[in-house]
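Right, one structure below, let's go through it.
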Amino acid sequence: MIIRSGNAQVEVPAGTTVSACLKALDAFPTGTLAALKGGVVLELNDPVQADCELLPLTLAHEEGRRVYERSLRFVLLLALKHLFPYQQVRIEYSVGYGVFVRLPGRELHRQDIVKIENEMRRLIDADLPFVKKRWNRQDAIDYFTEEQQPDKVDLLERRSVSYFNMYSIDGMWEYFYGAMTVSTGYVRVFTLFELRGGFVLQLPAGADFDHAAPYVYRPKHLAVFHQSARWCDILGITNVTDVTKLIETDRLRHFIRVNEALHESALGELAKKISDRYKRIVLVAGPSSSGKTTFAHRLAIHLQVQGHPTRVLSMDDFYMDRKEIRPDYDGTVDLERPDVLDLPLMEEKINALLAGEQVQLPTFHFNTGTRSFDTPAFTLQPDEVLILEGIHALNPIISSLFPEDEIYRVFASALTVLNLDDHNRIRTTDVRLLRRVVRDHLFRGTSPEATLKMWSSVRNGEEKWIFPYQELADSMFNTALHYELPILKIYADDLLRNIPPESPEYLLARRLIKTLNYIPAPDESILSEIPPLSLLREFVGGCTLYQA
């Protein structure tokens, strides 16, 4: 059979392992963890049976990072099993380049963290192989019942497929929803950091295979996750099966109402903070599909309740005409950069408004890539608050344009702490991508494939231009809704399943589908329960905020 990688190709016998194929092609770079064949991830010891092209996966590739994290999580869980048998372990949300881990009911001390790290390094130094075996669903349910892991039992009882791959080392079996490395020796680079309530398992940063990323303490970001965890306690949910049970017992409507009430309460508290500080300009930033636009308009309503008429403006209207933007070296136009905004014009117009002058603002037309000045001129009332929302709103390049003592900064992002089970989290970036797939299809005429194709560029822009400034916020707001995944499944499931295997976006589509497979789609009549001002309406439609 013929195996290709880039411009190289080699003929090898059928059944040759992925590792041997890549080495024969001289396509086995340092840090290779697995390989990509079309839209499927292959482990290094998987046999190849037919002609194909292989792409080596390292930490420089998103899927390679996921393979690394899964394998390192297994090592962590095995170390914890040796040190604290039958202790519940929760692997929860992202913290920079790591994940937050806690042991419910157990207080960890610094010496405990040292013991855990030492045991992990012992297992890694032993270079123990991951044993993969195909199990049937009932055997897995029986095993996890005996291991006192009811979260996995609940999930597997609702799983439709009969067989799947399990992995084992030293008698411990786990299921990780994706490919693994060949052995523990592949995940040597990590460190642990103590953090209130648990610890952080820190991975390498980007393509740096030799060093764990330095831990950056972001207290405001962590506070939002703690708030989200508290909301989960109020709502009585931890994993997706808790939401499934609400659907099965016809309690999802009440769950939606409580979710929305929590958002409403948090918005009211935020508006009071802004009012108490007498700020005239509120800068609202956040990553793609965080719901900034709807959030800004809902905040305006709550500010009016506090006695402040409020006007919402979008920074997008200050984009320069597309023809004026200097292309990158490869000829593409990166709209994620802050300098694609007409900053002098923004400074002039916003400061004129704050000074009480009459101003005419631009409108940017995305369909033509041009802006116009055909909207009516207006002035701000003396006590009127101006909300300016956009992905770069917290960037000092932007905020330095306005009087510092007039500014209140808000960072809005969707930070869910809902897991598939105790050991497998649902990534916040995946939830935002599902939101964007649905919104772009329904309202922007963008196909799911096109949305998925641009996601890597969007994420790179966020890491460079948005997240570094989130701790500058005076307040953070969590736009996640714990009921949204079943709703998004109604819209996204078929869209993603229609992406063909030959598409370059098939891998990413399948990854999202894997998550949705564990979430039942409720009856579509439930959509009527979502309030017209809900943040979720920005993505599924039916929002009445922009109607007169």
Expected output: side-chain [X] to main-chain [Y] donor-acceptor under 3.5 Å:
{"X": "T241", "Y": "T244", "value": "no"}
{"X": "S290", "Y": "P287", "value": "yes"}
{"X": "R102", "Y": "G197", "value": "no"}
{"X": "R280", "Y": "L354", "value": "yes"}
{"X": "D321", "Y": "R371", "value": "yes"}
{"X": "D342", "Y": "F318", "value": "no"}
{"X": "N395", "Y": "P338", "value": "no"}
{"X": "N478", "Y": "A480", "value": "yes"}
{"X": "S400", "Y": "I397", "value": "yes"}
{"X": "E471", "Y": "K220", "value": "yes"}

Going by distance alone, is a donor N or O of one side chain under 3.5 Å from an acceptor N or O of the other, for [X] and [Y]?
{"X": "E462", "Y": "S288", "result": "no"}
{"X": "N517", "Y": "R158", "result": "no"}
{"X": "D422", "Y": "Q88", "result": "yes"}
{"X": "S275", "Y": "H308", "result": "yes"}
{"X": "K272", "Y": "H302", "result": "no"}
{"X": "S525", "Y": "D523", "result": "yes"}
{"X": "N424", "Y": "R73", "result": "yes"}
{"X": "R427", "Y": "T429", "result": "no"}
{"X": "E406", "Y": "Y278", "result": "no"}

Side-chain contact, heavy-atom cut-off 4.5 Å: [X] with [Y]?
{"X": "L434", "Y": "V431", "result": "no"}
{"X": "I530", "Y": "R537", "result": "yes"}
{"X": "L303", "Y": "I274", "result": "yes"}
{"X": "L313", "Y": "L361", "result": "yes"}
{"X": "I407", "Y": "S399", "result": "yes"}
{"X": "R459", "Y": "R432", "result": "yes"}
{"X": "V243", "Y": "L485", "result": "no"}
{"X": "L270", "Y": "L299", "result": "yes"}

Spatial distance of atom [atom1] ([X]) from atom [atom2] ([Y]) [nearest 0.5 Å]:
{"X": "L380", "Y": "T310", "atom1": "CG", "atom2": "OG1", "result": "10.0 Å"}
{"X": "R425", "Y": "N419", "atom1": "CZ", "atom2": "CG", "result": "8.5 Å"}
{"X": "T294", "Y": "L535", "atom1": "OG1", "atom2": "CG", "result": "6.0 Å"}
{"X": "N498", "Y": "S503", "atom1": "CG", "atom2": "OG", "result": "11.5 Å"}
{"X": "I490", "Y": "L527", "atom1": "CD1", "atom2": "CG", "result": "4.5 Å"}
{"X": "M320", "Y": "T370", "atom1": "CE", "atom2": "OG1", "result": "14.0 Å"}

For I387 and A296, work out which heavy atoms get closest and say how close.
CD1-O, 3.4 Å

Note: A414 and R435 closest approach over all heavy atoms is CB-NH1, 3.7 Å

Using side chain to side chain contact (heavy atoms under 4.5 Å, CB included), reason through E92 and V101 one step at a time and then give a plain yes or no.
CA-CA 6 Å; E92 298 187 331; V101 183; over 6 Å; no

From the list E389, E264, E538, salt bridge (charged side-chain N to carboxylate O under 4.0 Å, His left out) partner of R298 resolves to E264

Enumerate the residue pairs fulfilling ring pair (Phe, Tyr, Trp, His ring centres under 6.0 Å) with a member in residues 338-378, sequence neighbours excluded, ordered by first and then second residue.
Y319-F364, Y319-F366, F364-F366

Quick one: do L267 and F295 satisfy side chain to side chain contact (heavy atoms under 4.5 Å, CB included)? Show the steps, please.
CA-CA 9 Å; L267 278 161; F295 165 79; 3.6 Å; yes

Show your working on side chain to side chain donor-acceptor pair (under 3.5 Å) between S372 and D374 and close with a plain yes or no.
CA-CA 6 Å; S372 63; D374 50 11; 3.2 Å; yes

Salt bridge (charged side-chain N to carboxylate O under 4.0 Å, His left out) assessment of K245 paired with D154:
CA-CA 10 Å; K245 291 172 185 176; D154 279 350; 3.0 Å; yes

Between T446 and R444, does the side chain to side chain donor-acceptor pair (under 3.5 Å) criterion hold? Intermediate values first, please.
CA-CA 5 Å; T446 305; R444 299 191 176 181; over 6 Å; no

For atom CZ of R497, is the number of surrounding heavy atoms from other residues, nucleotides or ligands below 6.0 Å larger than 12?
yes

Does K273 have more than 12 heavy atoms from other residues, nucleotides or ligands lying within 6.0 Å of its NZ?
no

Result of checking F199, Y97, F100, F193 against Y215 for ring pair (Phe, Tyr, Trp, His ring centres under 6.0 Å):
F193

Should the ring pair H392 and W465 be called parallel, tilted or perpendicular, given that the plane angle runs from 0 to 90° and is split at 30 and 60?
perpendicular

How are the rings of Y518 and Y177 set to each other: parallel, tilted or perpendicular (split at 30° and 60°)?
perpendicular

After noting the C-alpha distance and the side-chain angles of D317 and T363, does the key distance pass the side chain to side chain donor-acceptor pair (under 3.5 Å) rule?
CA-CA 5 Å; D317 285 322; T363 300; 4.8 Å; no

Centroid separation under 6.0 Å, is that true for the rings of H263 and F477?
yes

Would you please test F539 and V437 for side chain to side chain contact (heavy atoms under 4.5 Å, CB included) and show each step?
CA-CA 9 Å; F539 306 98; V437 165; over 6 Å; no

Give the C-alpha distance, both sets of side-chain angles, the deciding distance and a yes or no for side chain to side chain donor-acceptor pair (under 3.5 Å) between Y408 and S475.
CA-CA 8 Å; Y408 193 96; S475 293; 2.4 Å; yes

Run the side chain to side chain contact (heavy atoms under 4.5 Å, CB included) check on E157 and V153 step by step: do they pass?
CA-CA 6 Å; E157 284 179 340; V153 173; 3.6 Å; yes

Is any NZ, NE, NH1 or NH2 atom of the basic residue among R65 and E69 found under 4.0 Å from an Asp or Glu carboxylate oxygen of the other?
no

Taking the basic N atoms (NZ, or NE/NH1/NH2) and the acidic carboxylate oxygens, is any pair closer than 4.0 Å for R70 and E63?
yes

